[in-house]
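Counting starts at 1 for both ligands and their atoms, in listed order. Computed from a prediction, not measured in an experiment: that's the story for all the values here.
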Amino acid sequence: MRVLVSGGAGYIGSHTVVRLVEAGHEVVVVDDFSNAKPTVVNRLESLTGASIPVHAIDLTDVDKTAHLFAHEQIDAVIHFAGYKAVGESVAKPLDYYQNNLDSTFSLVRAMERHGVHRLVFSSSATVYGAEPALPMTEDLPTSATNPYGWTKVMIEQVLRDVAASDDRWRIAALRYFNPVGAHPSGQIGEDPSGIPNNLMPFVAQVAVGRRDKLSVFGDDYDTPDGTGVRDYIHVDDLAAGHVAALDRISAGTDPISIWNLGTGQGVSVLEVVRAFSRASGREIPYEVAARRPGDIAASYADPTRANAELNWFAHKTIDDMCVDTWRWQSENPNGYPDA
Ligand code: WQD
């Protein structure tokens with residue numbers, strides 16, 4: 001199929017592009033490059049050997065989005081594009097609601113108008129809210145503790161209602177846990193701008209010497225070693241999950257499906273630190289700091305529905321994730337070049 005990947009130059013989008021091409025799909029990327037660099041697509045073309053058309057547009061622009069569908073033969077869409085920084089969303093709620101919701105409305109309307117009814121949406125375990133039952137299952141109620149999370153909750157609801165309005169829709173909402181790691185080639189990886197919010201890229205920058213030390217946000221949680229526990233999933237396993245979901249909805253009959261993409265294993269902050277030291281051969285200096293507001297003690301998936309219905313499993317371990325992250329970070333100490 002010819003698949004439009006919105007946010008295809010981003011971290012998870014770029015890794016999914018590789019898996020789509022490897023699975024025999026053609027890919028078209030649309031990205032506003034507000035949080036990604038154009039050079040990523042060059043690396044994707046050299047990694048895959050495929051020519052990857054790029055549309056550098058803002059999906060909230062209804063006319064430009066419609067123009068894209070009028071000029072590209074699209075069979076399916078994987079929708080990653082959106083703002084995703086939790087803290088930033090608290091400071092700029094209107095930007096987050098407007099961008100994430102309007103871009104989705106504009107995209108889905110253009111799909112409808114051009115008879116494209118296969119959609120995979122990038123959702124998040126953040127929709128399970130502040131105190132979810134563990135392990136998280138897809139039937140849990142959804143809520144959020146920040147505007148970013150609310151945009152994911154709201155878009156899932158919009159897509160449920162769109163699917164219910166026309167039985168031609170085949171939609172998947174994929175709830176990611178904690179995506180980390182990098183493609184084993186070391187050519188693409190996570191490249192956060194500024195100070196990383198997330199643990200793995202921050203640890204990687206300490207290991208490569210860009211940061212002095214890690215602040216461990218609390219060691220007094222009700223977890224085995226007192227530090228936060230998360231379900232880290234290798235971005236390459238996550239990318240494979242998108243291809244599996246696309247195949248499933250293309251062959252399936254359910255208007256909309258929700259799947260957790262996680263390993264089902266919880267790993268603590270200090271376990272990540274130790275794994276990264278093993279992978280990099282570097283000490284990771286850290287100090288215990290205050291808890292980060294909004295953090296929960298533990299989060300990990302029940303992935304059995306995706307395992308059974310998608311025949312998809314996360315294979316890579318936390319050590320694999322750290323080895324691949326270290327290769328990316330050490331070969332690209334300052335991330336992607338600007339040009
Ligand atoms: C992981 C653990 C921190 C940084 C976030 C978003 C979520 C999703 C994934 C989009 C926690 C601890 C972190 C640091 C630390 N994004 N930590 N020092 O918060 O689980 O999830 O990213 O969908 O929506 O909320 O990931 O990597 O920020 O934190 O001690 O410098 O590492 O307290 O226990 P999180 P994270």
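- If you take OG1 on Thr227 and CG on Leu270, they are separated by 4.0 Å, rounding to the nearest 0.5 Å.
- The hydrophobic cluster containing Tyr148, built from Ile/Leu/Val/Met/Phe/Trp/Tyr side-chain heavy atoms closer than 4.5 Å, also comprises Tyr83, Val86, Tyr96.
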Using atom types as modelled, flag every donor-acceptor pair under 3.5 Å from a side chain in residues 2-24 to any protein atom, sequence neighbours excluded.
{"from": "Arg2", "atom 1": "NE", "to": "Gln73", "atom 2": "O", "distance (Å)": "3.1"}
{"from": "Arg2", "atom 1": "NH1", "to": "Glu26", "atom 2": "OE1", "distance (Å)": "2.9"}
{"from": "Arg2", "atom 1": "NH2", "to": "Glu72", "atom 2": "OE1", "distance (Å)": "2.5"}
{"from": "Ser6", "atom 1": "OG", "to": "His79", "atom 2": "ND1", "distance (Å)": "2.6"}
{"from": "Ser6", "atom 1": "OG", "to": "Phe80", "atom 2": "N", "distance (Å)": "3.0"}
{"from": "Ser6", "atom 1": "OG", "to": "Ala81", "atom 2": "N", "distance (Å)": "3.1"}
{"from": "Tyr11", "atom 1": "OH", "to": "Val180", "atom 2": "O", "distance (Å)": "3.3"}
{"from": "Tyr11", "atom 1": "OH", "to": "Gly181", "atom 2": "N", "distance (Å)": "3.1"}
{"from": "Tyr11", "atom 1": "OH", "to": "Gly181", "atom 2": "O", "distance (Å)": "2.6"}
{"from": "Ser14", "atom 1": "OG", "to": "Gly10", "atom 2": "O", "distance (Å)": "2.6"}
{"from": "Ser14", "atom 1": "OG", "to": "Tyr11", "atom 2": "O", "distance (Å)": "3.0"}
{"from": "His15", "atom 1": "ND1", "to": "Tyr11", "atom 2": "O", "distance (Å)": "2.7"}
{"from": "His15", "atom 1": "NE2", "to": "His183", "atom 2": "N", "distance (Å)": "3.0"}
{"from": "Thr16", "atom 1": "OG1", "to": "Ile12", "atom 2": "O", "distance (Å)": "2.9"}
{"from": "Arg19", "atom 1": "NE", "to": "Asp236", "atom 2": "OD1", "distance (Å)": "3.3"}
{"from": "Arg19", "atom 1": "NH2", "to": "Asp236", "atom 2": "OD2", "distance (Å)": "3.2"}

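- Between His55 and Phe69, the distance from one ring center to the other does not fall under 6.0 angstrom.
- Near ligand 1, heavy-atom contacts under 4.0 Å come from Val86, Ser124, Thr126, Tyr148, Asn178, Asn197, Asn198, Leu199, Leu214, Ser215, Val216, Phe217, Gly228, Arg230, Tyr232, Val269, Arg292, Asp295.
- Residue Leu94 is found outside any hydrophobic cluster, as its side-chain heavy atoms come under 4.5 Å of no other Ile, Leu, Val, Met, Phe, Trp or Tyr.
- For the residue pair Trp328 and Glu190, no side-chain donor N or O sits within less than 3.5 Å of a side-chain acceptor on the partner.
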